[in-house]
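Report on the following structure.
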Amino acid sequence: MRFKFIHTADWQIGAPFGAFETKLAARLTDARLEMINTIGNLAMARHVRHVLVAGDVWDSEQPSKRVLHQPLDLMKRYDAVTWWLMPGNHDPFRPNLLWSEIETYASTNIKLLLKAEPVEAEPSVWLLPAPWTTKSPGRDLTTWMDNADLPPNRLTIGIGHGSITEFSSDDEHGDVGSKSIIDPRRANEAQLDYLALGDWHGVQKISDRVWYSGTPETDRFRRNSPGHVLIVELETDTLPKVQVEKTTTFHWHIVDIDCVPEMKDFPAIDELEGRGSLRNILAQINLTGHMKQQNWLKLDARLRLLEERLDFMNIQTDHLTHLVSSEDLDNLDRAGSVRMAAERLLERKENPSVSEENRKTADNALCLLLSYANEEFD
């Protein structure tokens, strides 16, 4: 007995991107809708007949009519594929709200997993969903799977949404934290062939039979392998075969650079610049350490040019210290009020009795002041 399917989760269709300028926010929002086509085309190309979405299909339980209907229309186009949709913490199932309307308009190839009960996807292939019916269940919703009434000689797939005990509850790893801790031993306890999980936004293998697929469209700066789906092949008495497939349109890069005073080469920046077209790339540049003022001005000018090619760039310099020399001050002015102001800022930033926050403010102000004397590097 064999069964092949795509495991995905955390689509969060309709998610806003208010921190970005309007045009980019609209493109990021549209990408979360367009990834349905990406998944549908992948399913057709790989001869996969089932797509399992492990929670958070929509970003909220009260989306606009357009945000509700457009995904349904896209899934309907792939009529050879059955789309299995389960509510998560963002879009829990409550009577007479989102999922009731979906039931009214969904095409026959869209199946809703709204109850904690076995569903036969194909002959002898059973799905055990654990849908959310509230935003704060306060319990492991997958517990019922241990005692599910199922026939022998079958394949069984659990579908859950939430954190597991290995994850912290600080919301870094998902959106639920400690509200619905899932026992990572569930696959063994319930004799599941596979447990498909959602909530963690990156690909994560918990065990041979327990995986998070992550979100198919990257949505923030994180180091957890987002932007994928999993193609899973099950066979009786055999461990699952899991293939990771990249699906994201936008790529969110975190670039860490630990600076030293004489540093002039930046391979990570070289790599970004060498990509050719930088459309659909967002970058967060984290600069730490110490850098001479002249070298910083050159790097800053280079980063500003790079920013014009990227869709978005955020430069973090909170942990970067600018090393200012007497020559730097002389380039600004040898005397007068401007020179005096620079010397006072330098004294303040190097004064250990001043708070770290105020020293950093003085450092940034001095750096900005000195940049005006170095326009040839701009």
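Here, residue 1 is the first one in the sequence, and each next residue gets the next number.
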Are Met1 and Tyr194 connected, step by step, through hydrophobic side chains (Ile, Leu, Val, Met, Phe, Trp, Tyr) whose heavy atoms are closer than 4.5 Å?
-> yes

So if you build clusters from Ile, Leu, Val, Met, Phe, Trp, Tyr with side-chain heavy-atom gaps below 4.5 Å, do Ile39 and Val244 land together?
-> no

Any side-chain heavy-atom pair of [X] and [Y] under 4.5 Å:
{"X": "Val255", "Y": "Phe266", "answer": "no"}
{"X": "Leu287", "Y": "Cys259", "answer": "yes"}
{"X": "Leu42", "Y": "Glu245", "answer": "yes"}
{"X": "Gln191", "Y": "Thr156", "answer": "no"}
{"X": "Ile110", "Y": "Trp84", "answer": "no"}
{"X": "Val203", "Y": "Leu230", "answer": "yes"}
{"X": "Lys76", "Y": "Thr108", "answer": "no"}
{"X": "Pro87", "Y": "Leu114", "answer": "yes"}

Gap separating the [atom1] atom of [X] from the [atom2] atom of [Y], nearest 0.5 angstrom:
{"X": "Thr8", "Y": "Trp83", "atom1": "OG1", "atom2": "CH2", "value": "9.0 Å"}
{"X": "Ile285", "Y": "Leu306", "atom1": "CD1", "atom2": "CG", "value": "6.5 Å"}
{"X": "Leu113", "Y": "Trp99", "atom1": "CG", "atom2": "CH2", "value": "8.5 Å"}
{"X": "Arg186", "Y": "Leu197", "atom1": "CZ", "atom2": "CG", "value": "10.5 Å"}
{"X": "Asp300", "Y": "Ile315", "atom1": "CG", "atom2": "CD1", "value": "6.0 Å"}

Would [X] and [Y] pass as an ion pair if we require N to O under 4.0 Å?
{"X": "Glu307", "Y": "Arg304", "result": "yes"}
{"X": "Lys292", "Y": "Glu262", "result": "yes"}
{"X": "Lys205", "Y": "Asp208", "result": "yes"}
{"X": "Arg309", "Y": "Glu273", "result": "no"}
{"X": "Lys360", "Y": "Glu356", "result": "no"}
{"X": "Arg154", "Y": "Glu120", "result": "no"}
{"X": "Asp59", "Y": "Arg32", "result": "no"}
{"X": "Lys241", "Y": "Glu235", "result": "no"}
{"X": "Arg359", "Y": "Asp363", "result": "no"}

Between [X] and [Y]: side-chain donor-acceptor atoms closer than 3.5 Å:
{"X": "His161", "Y": "Asn89", "answer": "yes"}
{"X": "Arg209", "Y": "Asn188", "answer": "no"}
{"X": "His90", "Y": "Trp58", "answer": "no"}
{"X": "Asn286", "Y": "Asp256", "answer": "yes"}
{"X": "Asn358", "Y": "Ser355", "answer": "yes"}
{"X": "Asn295", "Y": "Gln293", "answer": "no"}

For a side chain to side chain contact (heavy atoms under 4.5 Å, CB included) with Thr82, tell me which candidate from Lys111, Met75, Glu122 qualifies.
->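 Exactly one pass, corresponding to Lys111.
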
Heavy-atom count check: over 12 atoms from other residues, nucleotides or ligands less than 6.0 Å from [X] [atom1]?
{"X": "Asp270", "atom1": "CG", "result": "yes"}
{"X": "Lys246", "atom1": "NZ", "result": "yes"}
{"X": "Glu357", "atom1": "CD", "result": "no"}
{"X": "His319", "atom1": "NE2", "result": "no"}
{"X": "Lys4", "atom1": "NZ", "result": "yes"}
{"X": "Gln243", "atom1": "CD", "result": "yes"}
{"X": "Gln316", "atom1": "CD", "result": "yes"}

Worked verdict on Trp252 versus Phe221 for ring pair (Phe, Tyr, Trp, His ring centres under 6.0 Å) | CA-CA 6 Å; Trp252 301 54; Phe221 293 111; 5.0 Å; yes

Given side-chain contact (heavy atoms from CB on, under 4.5 Å), test Trp11 with Asp56 step by step and report yes or no.
-> CA-CA 6 Å; Trp11 290 5; Asp56 286 356; over 6 Å; no

What salt bridge (charged side-chain N to carboxylate O under 4.0 Å, His left out) pairs are there with at least one residue in residues 88-110, not counting sequence neighbours?
->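 Counting only pairs at least two positions apart or across chains, the salt bridge (charged side-chain N to carboxylate O under 4.0 Å, His left out) contacts touching residues 88-110 are Glu61-Arg94, Lys65-Glu101.
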
Under 6.0 Å between ring centres, would you say that holds for Trp211 and Trp200?
-> no

Compute the centroid of each ring, for Tyr212 and then for His201, and state whether the two points are separated by less than 6.0 Å.
->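 Distance test on ring centres: not under 6.0 Å, no.
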
Could you walk me through whether Thr248 and Thr218 pass the side chain to side chain donor-acceptor pair (under 3.5 Å) test, one step at a time?
-> CA-CA 6 Å; Thr248 191; Thr218 313; 3.2 Å; yes

Quick check: does any side chain N or O of Asn109 sit under 3.5 Å from a backbone N or O of Val81, one acting as donor and the other as acceptor?
->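 The answer is yes, because a donor-acceptor pair under 3.5 Å joins these two groups.
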
Of Phe5, Tyr78, Phe3, which meets ring pair (Phe, Tyr, Trp, His ring centres under 6.0 Å) against His50?
->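 Of the listed options, the one satisfying the test is Phe3.
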
Plane angle bin for His253 and His251 - parallel if under 30°, tilted between 30 and 60°, otherwise perpendicular | parallel

Please step through side chain to side chain donor-acceptor pair (under 3.5 Å) for the pair Gln70 and Asp73, ending with a clear verdict.
-> CA-CA 5 Å; Gln70 287 185 344; Asp73 289 342; over 6 Å; no

In sequence, state the C-alpha distance, the side-chain angles, and the governing distance for Leu141 and Trp132, and then conclude on side-chain contact (heavy atoms from CB on, under 4.5 Å).
-> CA-CA 8 Å; Leu141 297 175; Trp132 286 55; 3.6 Å; yes

